[in-house]
Every structure is written in C-alpha cells, then in structure tokens.
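Working notes for the structure below.
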Amino acid sequence: MIYRILSVKLLLLALFICTCTHNPSGPDQKETYAGTFNYTVFIPSMPQDSLRIVIEITDRAMMEDSLCFALPPVYADNPLLDETGNNVHNIIVYDSSGNTIGHTIDSMQIGPKKNGILTFEDIHAPVTVEYTVTFNYIDSAFMPPPYIGENTGYCAGHYLFAIPLASRELAHIWRDRRDISLDYVLGNAIHLRGDGPDNVEYSNAYELLFSTFALGGEELIWGTWGGQEFGIVSLSSEISLTASFVVSIENTVATLLSDITGSFMPLNHPLTAMLGVVEGGGIEGYHAFAVMRPDPDDTLGVFNMVLTHEILHSWIGVRVGDWEDPWFKEGITNYLGFLITKRNNYCSREYLESVLLKDLSDSPDVQDYALSDPSNRIWLFTGPDSRTELVYVKGAQVAMLLDRRLRRGPAGVSLDEIIGAFVAACDGRAFYRSEWVEFMESSAGSAVDDIFAEYVDKPGAIPDSVLQENYLWLGNHGAFGDFVLAKKRPCGDALADIVKW
C-alpha cells in the first residue's frame, strides 16, 4: 500500500511537469511581477495599544506613474464585517532619507464593497508606508470581529494589511506575483500563534490577506502527524473540555492528518486551529484557521468534517486556486472533506448523504447560476442572492462525479490523489481550468469535459438518478469506507440497496 501511494505520487508529479510547464491557456494569461514588499506588524501590548503596520517597498517592477494600495479591510472571498468607522489611521509615506511623500486617499469599488485607496506619486524604491489600525466592526453571526483583548487576540490579514493594487479586479490580487515577507514585533509576554514571527514569505497578496494570527490562548493539543505539525488552541475561557475528550480529538486529528498527507505533501510550516472564534463552521487561513468548538454529543461528526475541510483549505484555495471556476475552492474542498472524514469513520452516513444526495431542484441559486459564473466568487455570502448551496453543495456533487470518473480510468486514481499532486506543483499561484482539467484527464486517462459542460457551465440541479448512481458506485468501491451494497433489485429506490456502512 505504501509503495502504491509513492508510485501514484511520483506518476502524478511527472504528469504535472509534462502538462503544466507551458503558459496558461486561459484569458488574461500574463502574471505581472509587482515588486518586493516587506510587512512588519508591531503589537506592543494587550489590550490593543497601538497596532502599527510598516510596509517597506524595496523593489518596484510596475511602470505606472503612481503606486496604489487598497486599505484594509480588503474583500477576500468571505464576507467582510460592517464597519462602524474608519479603521486605518496616521498614514505616513516616506523615502529612504525620511522625507515625507505626499499621498491621497480615495475610494474604489473592489468586489462587493468600496475600499479606501492610498495613492502616492512615483518615486524610486525604497519607500516606507506606515499606519495604525483599530478594529471598529459590528459583530456578525458568520464572521468574527478581529480583536486584541486582555489575554487573547484574533485577526485575519484582510483586516490588517494594505496591499498593492494594480486593478480593481479581484483576480489581480491573486494573479499578480509579488515577493512578500511578514514579520511580527511583539511586546513582552505576548504569545503569537498561527503566523510565524520571523520573515514568513508569500507569493501574492491573496495569501497575505489570509495570514491569520492568534494571541495567547490555551494549547489543547500539539504534535506532528503524517509529517505535518498541527495544534488546536482555545481562545475562550468558556470552552471546557474533559481530558478524555481532548485525547479523543487528538486521536481523530492524528488519523485525519495522516490520511490527508497521504495525498497532500506536508506544509513547511505548522497549522493552528483556533477554538472560540466562531460559533459554527470555520474560516480558512494560511497558517491558522478558526473552527467551531467540538461537541461531545455530536453524532453526525460535524466538527470532524469542518476541521478536515479547513485543514484542506491550507492547500486548496488559499495557497492555490482557480479564478475561472470559483467553486473549486469550496466545492472540491467540501467533497474531499466529507470523503476523507467518512472513510475514516469520523462522520456519519446521514451527514454525507445530506450533501452528496441533496435535491437542489428548488434552490434559487442553483437554478439561476452556473457553477462557473464568475460572480459566485464575489457574491458567495454577500448581496441579494446567497450562492452557498450552489458552490458548496452542487460543487461537492460535481466533485463526486469527477471522483468516480477518475477512479474508473485506466490509472485508477482518486480525486484527492490528483488534486494533491496538482496543487503541490502549483503552490503559490492561481491556475486556469484548462490546466487542472488537462492534468486530471492525462493522469486518469479519462475525459471529464462532459461533466464540466453539463453540470459546471449550465445552471440547474444534477438529476437524482445521476447522483445516486455515482454515489453508490463510489460507496461500493470503498471510497467512503465501510459500504456494503446488497444485490441490486431491478427497480426501486437505489438508496434502499444500501445495507450497512
């Protein structure tokens, strides 16, 4: 089994090299190099005293007469909190001699909201931009407001960082290549979790926006499993878990991480899961992510699936992603989260089926929009139409169809094996649909273009008969763990043929 896994990885990586060394074949192919930017975060004390950000621009490769920065908060897939006032203060721009450079602040529509735009005239690097940040947000049931309290703190990068802006199009945040480093300068007794304190490097501004830190908190578990260093930290004094329950969580993490790293190479940095930040679900991040608290009475395995989902985001969607198909980030991750969690018996059959077999014929977003509609990225959670069922549920169902097609191909490889190899080689950049479709087809020896044409590029629900056929085939071939299929009857409900998991 170990030999087969290694052979599959080597085969897929070799296929990737052959497939993806050419230039992307999608529109807007050019990736712009936009210079070197060194960010430093100063956190002198808790509670928040003067949260200060310093950006040193040491190299510029842009030809414009002026340089623009989008001021935080910057939209990055998940919805932003409502602001009660300005969050950025005391902006200063100066050159290497300490001379102040004049600047202006305007606004521009970026994604679903208006951003403050800092502009200063063209000068020779190095240049330094400095500002302070406060957190003025209304609490939200979905997105937790950033904070620095008496003993703990939490913040994601899109609330902290001004980012260089080449266009109002969100794609450029991801596609424009930058050399970005991030350092933290901390006051005495401040314990930073999540982001590394010294010279963390990012390939683009999108990754920087998903840098997330926790301050303080109680370490519940910490260890290395499957070659990946990982920990869970509680930031809330209201969370009380028994020692035996924490041990059970640690055993779950050990199994799930070992499975994940069987297809996805371990990261070169630790991952930290934070409890006490969100009440339900989770929020992805580059080094750290938020996840709901575990419930000892959870029989469905919701916490386990959400934990797996957010861990997978560290590879899928945050570090790499597909701009043409915005469902890739959440749809693929949602399916693989269920796949990996269920085959290790850490979520229930009922929970799995609630997504993979859900009837979406009455869902307005599914009926009105295609999965590949570019507006899904902007309006996933915000705006008049929620696209969550379309992106998360139909996206997972399409991923299930792809998984079956790939497993039936001559190579017999699964979707998680192929995606794991693909994103490893794409680390730090966005790709186009043509790249990962070509990779899947060449890896598995099976065409998948019909699935995209029928279920990704057209609105509408996937027929129930198609969902059941693919689900039962995958289950009967061991994709979801224990799955025994009784002798098929000539007619009747296909799901009734399931006897036992």
Side-chain angles (χ1 to χ4, degrees), residues 24 26-28 73-80 109-113 115 140 142-143 158 167-175 204 206 209-210 281-284 309-310 312-313 316-338 355-356 358-402 415 419 423 426 430-437 448-449 451-462 467:
D28 188 23
V74 179
Y75 184 82
D77 288 347
N78 285 320
L80 294 171
Q109 187 80 21
I110 302 178
K113 70 179 292 292
N115 262 92
S140 165
F142 183 84
M143 286 292 287
H158 52 271
S167 165
R168 73 175 60 202
E169 297 297 326
L170 285 170
H172 285 278
I173 295 175
W174 207 340
R175 289 209 176 278
N204 55 59
Y206 188 86
L209 293 177
F210 274 97
I283 300 172
E284 65 272 22
H309 180 108
E310 302 306 339
L312 285 169
H313 267 317
I316 302 173
V318 172
R319 303 173 72 93
V320 298
D322 182 344
W323 186 260
E324 291 176 298
D325 283 309
W327 68 276
F328 178 91
K329 177 180 179 183
E330 298 297 349
I332 295 291
T333 306
N334 211 31
Y335 174 73
L336 294 185
F338 276 107
V355 171
L356 298 187
K358 185 171 185 178
D359 180 5
L360 298 174
S361 58
D362 293 330
S363 172
D365 51 318
V366 171
Q367 297 303 320
D368 293 343
Y369 302 99
L371 267 175
S372 58
D373 191 318
S375 67
N376 293 338
R377 185 178 296 279
I378 298 174
W379 303 114
L380 176 56
F381 299 102
T382 54
D385 300 313
S386 168
R387 311 283 177 88
T388 53
E389 280 197 323
L390 171 65
V391 172
Y392 282 82
V393 181
K394 185 182 178 183
Q397 292 173 348
V398 169
M400 175 177 70
L401 271 56
L402 291 173
L415 183 63
I419 296 298
V423 301
C426 282
F431 50 82
Y432 293 90
R433 177 201 288 190
S434 58
E435 293 181 82
W436 70 285
V437 169
V448 297
D449 56 319
I451 295 176
F452 281 81
E454 188 64 28
Y455 301 121
V456 175
D457 293 332
K458 292 180 182 178
I462 301 174
L467 294 176

Rounded distance [0.5 Å steps], [atom1] in [X] versus [atom2] in [Y]:
X: Tyr75; Y: Ile378; atom1: OH; atom2: CD1; answer: 7.5 Å
X: Met400; Y: Leu467; atom1: CE; atom2: CG; answer: 5.0 Å
X: Cys426; Y: Ile316; atom1: SG; atom2: CD1; answer: 12.0 Å
X: Asn334; Y: Trp327; atom1: CG; atom2: CH2; answer: 11.5 Å
X: Tyr369; Y: Trp379; atom1: OH; atom2: CH2; answer: 10.0 Å
X: Leu360; Y: Gln367; atom1: CG; atom2: CD; answer: 8.5 Å

Report the C-alpha separation of Asp449 and Val437 in whole Å, then their side-chain angles, then the decisive distance to 0.1 Å, and conclude whether the side chain to side chain contact (heavy atoms under 4.5 Å, CB included) test is met.
CA-CA 8 Å; Asp449 56 319; Val437 169; 5.6 Å; no

Derivation and outcome, side chain to side chain contact (heavy atoms under 4.5 Å, CB included), residues Val423 and Trp436:
CA-CA 9 Å; Val423 301; Trp436 70 285; over 6 Å; no

With sequence neighbours left out, write down each residue that passes salt bridge (Lys or Arg N to Asp or Glu O under 4.0 Å) with Arg377, or none if nothing qualifies.
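For Arg377 the salt bridge (Lys or Arg N to Asp or Glu O under 4.0 Å) partners, ignoring immediate neighbours, are Asp77.
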
Residues in salt bridge (Lys or Arg N to Asp or Glu O under 4.0 Å) contact with Asp457, at least two apart in sequence or another chain
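Applying salt bridge (Lys or Arg N to Asp or Glu O under 4.0 Å) to Asp457 gives Arg433.
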
Give the minimum heavy-atom separation between [X] and [Y], together with the two atoms involved.
X: Ile451; Y: Leu401; answer: CD1-O, 3.8 Å
X: Tyr206; Y: Ala76; answer: CE1-CB, 4.5 Å
X: Ala396; Y: Val355; answer: CB-CG1, 4.0 Å
X: Ala399; Y: Gly331; answer: CB-O, 4.3 Å
X: His158; Y: Met143; answer: NE2-CE, 4.0 Å
X: Leu312; Y: Thr333; answer: CB-CG2, 3.9 Å

Expected output: side-chain [X] to main-chain [Y] donor-acceptor under 3.5 Å:
X: Asp365; Y: Leu390; result: yes
X: Lys394; Y: Gly460; result: yes
X: Asn115; Y: Gln109; result: no

Asp359: which residues meet the side-chain contact (heavy atoms from CB on, under 4.5 Å) condition with it, sequence neighbours left out?
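Testing Asp359 for side-chain contact (heavy atoms from CB on, under 4.5 Å), a comparison that skips the adjacent residues, returns Ser361.
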
Do [X] and [Y] come within less than 4.5 Å of each other through their side chains, counting heavy atoms only?
X: Ser372; Y: Asp325; value: yes
X: Glu330; Y: His313; value: yes
X: Val398; Y: Phe452; value: no

Partners passing side chain to side chain donor-acceptor pair (under 3.5 Å) against [X] (at least two apart in sequence or in another chain):
X: Glu284; value: Asn78, Lys329
X: Ser375; value: Asp373, Arg387
X: Tyr455; value: none

Side chain to side chain contact (heavy atoms under 4.5 Å, CB included) evaluation trace for Phe381 with Val391
CA-CA 10 Å; Phe381 299 102; Val391 172; over 6 Å; no

